[in-house]
Amino acid sequence: MSATDLAAIVSKPATTPFLPPYPPRPRTPLGPIAALTTARRNFLALFEEKCFEYETFSTRMLSRRVFVCNSPDTVAQAFIAMHDSFERKTPQMRHALTPLLGDGLFISDGETWRQRRRIVAPIVHASRMSLFAPTMVEAAAEAADRWDGLPEGTPIDALRDMATLTAEIICRAVFGPRLGHEHATEIVAAFGDYQRLVGQLDLLYLLGLPDWLPRPHSPAIRRAARRIREVLDHIIRECEDRSAGGEDSMIRRLFDARDPETGDALDREALRNEAAVIFMAGHETTANSLAWTWFLLSQSPDVEARLHAELEQVLGGRLPTLDDVPRLVYTRAIFEEAIRLYPPVPLLGRQAARQESIRERTIPAGSLVIVVPWLLHRHKHLWAQPDHFIPERFLPENASERERYSYVPFSVGPRVCAGQAFGQTEAILCLATLAQRISLRLAPGAVVEPVCRLTLRPGDGLPMLVQHRT
Ligand code: HEM
């Protein structure tokens, strides 16, 4: 098939695009008790139909007043123009993650955040992908071998398998291919426990107790965090011991990094905290987005056929490399559409450091400002057929139809995802490697419901059946 034939095929959307599931939307705002029980079960089910039309609104998330920026201009104002006022993460987020990440980049602010960002961002920057891409493809090919070894129609949990794959990749990237592989299972188990424990929204927080009131962590959370610290310290020591013939890895770079402004190195605790940040931020997000992609493909035969046509044309059965990524335009469009519909981080929250005003509304110091990709990405005035799966909207020739800052799966502004290039490259290479050999079908009777814990997941698992393509 020539490139022109392929372009003709991929630029036309399917005649009947798939309408994937989303939680029921109340017609009117929920009362306090209903809101509390809904928020505990699934945060996304709180938003009534009208929230997908408003440009801004303020709401009480139960007892807390929250200002929602729900239009491209207000997103840009809060996260870019007024970044200094809205740099701080919410008390809820800081409370949930401090035992795990300490003063790590993801939840710090002020000078600590700025210094860590200067050190960590270059280590995961787009220009470093040539180091990580072979690891991504190698781990994806091993996953394809595992699926290939299963009889036709074998049930699998696609969410769990994608979590295993992205954990393998991030562990090998952080600790080096050998050490990362040896310790991946141990790290995943330790983080899994922690994330399960903090995944539920904090009831005291929802009830609106003031932030200054001490809110101790449960012994189980403290134990889980201690275990992670021990595991990471152990691997970091091993990494140091083996440093003579050492592999290039993120941890090696963190050891050697100096703040370009002050010349300071990271101390041992800071180094461990940043390793924990990279693992936490870079593992479940990509896993969820790949799981959603498999689900959407399984329900959209036209899209899947176009994906297969592109993979055949660009790769012809071989493994992908970093150089192929720019050529896999339809594969990228599928991934971008999957994270439009199911943004792995569906809510970005900040606390105002000082009083500000957006669209003539006063936002008092200490109040919360949120951008909700879940709402913005399905906004009725920003997207045609906002709830439908239409990857073609992300093809380069359709880019001009999209308003800037209407699509923020990686956030925007100075706190934008530091690992955006890593996540995108990883998703495209994994999908291209796996989809050449395997298709997945939804298991009969499986019910798929988007649920927001710390990240947006297809419930507790995604039961699918393996279908071999070759
Ligand atoms: C599909 C994959 C990914 C998505 C959708 C995603 C999304 C995000 C979002 C929305 C934020 C901002 C959160 C907030 O403001 O509350 C963020 C922050 C961050 N992400 Fe990602 N991420 C992905 C993959 C990765 C990967 C692979 C890495 C590392 C290799 C990574 C590292 C980080 C870091 C370090 C931050 C904190 C940045 C800061 O606060 O300055 N992410 N990510």
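All heavy atoms count here, side chains included; hydrogens, waters and symmetry mates do not. Note that the coordinates shown come from a computational prediction; the quantities given were computed from them, not determined experimentally.
Sorted by first and then second residue, the pairs that involve residues 112-125 and meet salt bridge (Lys or Arg N to Asp or Glu O under 4.0 Å), not counting sequence neighbours, are Glu87-Arg114, Asp103-Arg116, Glu111-Arg114, Glu111-Arg118, Arg116-Glu274, Arg118-Asp259, Arg118-Glu261.
Heavy-atom neighbours of Lys380 NZ from other residues, nucleotides or ligands within 6.0 Å: above the threshold of 12. Annotation: Arg404, atom CZ; neighbour count of heavy atoms from other residues, nucleotides and ligands within 6.0 Å does not exceed 12. Heavy atoms from other residues, nucleotides or ligands lying under 6.0 Å from NE2 of His125 number 12 at most. More than 12 non-hydrogen atoms from other residues, nucleotides or ligands lie less than 6.0 angstrom from CD of Glu53.
In this structure, Arg25 is positioned above the aromatic face of Phe52, its NZ or CZ under 6.0 Å from the six-membered ring centre and within 45° of the axis.
Salt-bridge formation is detected for the pair Glu337/Arg393: a Lys NZ or Arg NE/NH1/NH2 atom is positioned less than 4.0 Å from an Asp or Glu carboxylate oxygen. Using a cut-off of 4.0 Å between Lys/Arg side-chain N and Asp/Glu carboxylate O, Arg354 and Asp84 are scored as not salt-bridged.
Just one residue in the list Ile358, Val372, Ile370 forms a side-chain contact (heavy atoms from CB on, under 4.5 Å) with Cys69, and that residue is Ile358. In summary, of the residues considered (Trp292, Trp294, Phe335), a ring pair (Phe, Tyr, Trp, His ring centres under 6.0 Å) with Tyr342 occurs for Trp292 alone.
No hydrogens or angles considered: nothing links the side chains of Asp323 and Thr321 as a donor-acceptor pair under 3.5 Å. Between the side chains of Thr166 and Glu426, no donor-acceptor pair of N or O atoms lies under 3.5 Å.
Between Val277 and Val120 there is no side-chain heavy-atom pair separated by less than 4.5 Å. By the 4.5 Å heavy-atom criterion applied to side chains, Pro344 and Ile339 are counted as neighbours. At a threshold of 4.5 Å between non-hydrogen side-chain atoms, the residues Glu269 and Arg272 count as touching. Contact annotation: the side chain of Leu290 approaches that of Cys430 to within less than 4.5 Å [non-hydrogen atoms, C-beta and beyond]. Looking only at side-chain heavy atoms (C-beta outward), Arg128 and Asp248 come within less than 4.5 Å of each other. Put simply, the side chain of Gln92 does not reach to within 4.5 Å of the side chain of Leu368, judged on heavy atoms. Taking the side chain as every heavy atom from C-beta outward, Pro373 and Pro409 never approach each other to under 4.5 Å. A 4.5 Å side-chain heavy-atom check between Gln351 and Pro91 finds at least one atom pair inside the cut-off.
When every heavy atom of Gly413 is checked against every heavy atom of Ile80, the shortest pair comes out as CA-CG1, 3.8 Å. Taking all atoms of both residues into account, the shortest heavy-atom contact from Glu403 to Pro72 is OE2-CG, 3.5 Å. Closest approach of Ile107 and Gly102 over heavy atoms only: CD1-O, 3.4 Å. When all heavy atoms of Leu328 and Ala432 are compared, the pair lying nearest together is CD1-CB, 3.9 Å. Contact detail for His388 and Pro20: the closest heavy-atom pair is CA-CD, 4.2 Å. Counting all heavy atoms, side chain and backbone alike, Val124 lies closest to Ala418 at CG2-O, 3.2 Å.
With hydrogens and angles ignored, the 3.5 Å screen pairs a side-chain donor or acceptor of Thr38 with a backbone N or O of Ala34. Side-chain N or O atoms of Glu310 include one that pairs as donor or acceptor with a backbone N or O of Tyr330 at under 3.5 Å. The backbone N or O of Lys89 lies less than 3.5 Å from a partner atom in the side chain of Arg94, making a donor-acceptor pair. Remark: side-chain polar atoms of Trp383 are paired, donor with acceptor, to backbone N or O of Leu376 under 3.5 angstrom. Side chain of Asn70 to backbone of Thr56: no donor-acceptor contact under 3.5 angstrom is found. For Asp157 (side chain) and Pro463 (main-chain N/O), no donor-acceptor pair under 3.5 Å exists by modelled atom type. Side chain of Arg340 to backbone of Pro386: a donor-acceptor contact under 3.5 angstrom is found.
From Asp302, atom CG reaches atom CZ of Phe389 across 11.0 Å, with rounding to the nearest 0.5 Å. Ser289 OG to Leu431 CG: the interatomic distance, rounded to the nearest 0.5 Å, is 9.5 Å. Atom CD1 of Ile428 is separated from atom OG1 of Thr293 by 10.5 Å, given to the nearest 0.5 angstrom. Distance CZ/Phe422 to OG1/Thr286: 7.5 Å, rounded to 0.5 Å. Put simply, CD on Glu336 and CG on Leu341 are 12.5 Å apart, with the number rounded to the nearest 0.5 Å. The CH2 atom of Trp113 lies 6.0 Å from the CZ atom of Arg415; values are rounded to the nearest 0.5 Å.
Ring pair Phe295/Phe18 is perpendicular by interplanar angle, where above 60° counts as perpendicular and below 30° as parallel. Ring pair Phe57/Tyr54 is tilted by interplanar angle, where 30° to 60° counts as tilted. The aromatic rings of Phe394 and Tyr407 sit tilted relative to each other, their planes meeting at an angle between 30° and 60°. Between Phe279 and Phe191, the ring planes lie tilted relative to each other; the angle falls in the 30° to 60° range.
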- Task: Determine, step by step, whether Leu434 and Leu165 satisfy the side chain to side chain contact (heavy atoms under 4.5 Å, CB included) criterion, reporting the C-alpha distance in whole Å, the side-chain angles of both residues, the deciding distance to 0.1 Å, and the verdict.
- Result: CA-CA 11 Å; Leu434 290 161; Leu165 170 58; 4.0 Å; yes
- Item | Evaluation steps, side chain to side chain contact (heavy atoms under 4.5 Å, CB included), between Val188 and Thr164 | CA-CA 8 Å; Val188 172; Thr164 308; over 6 Å; no
- Report the C-alpha separation of Phe79 and Val408 in whole Å, then their side-chain angles, then the decisive distance to 0.1 Å, and conclude whether the side chain to side chain contact (heavy atoms under 4.5 Å, CB included) test is met. CA-CA 11 Å; Phe79 277 24; Val408 294; over 6 Å; no
- Message: Between Leu271 and Ile251, is the side chain to side chain contact (heavy atoms under 4.5 Å, CB included) condition met? List the steps.
- Response: CA-CA 8 Å; Leu271 197 130; Ile251 205 83; 3.7 Å; yes
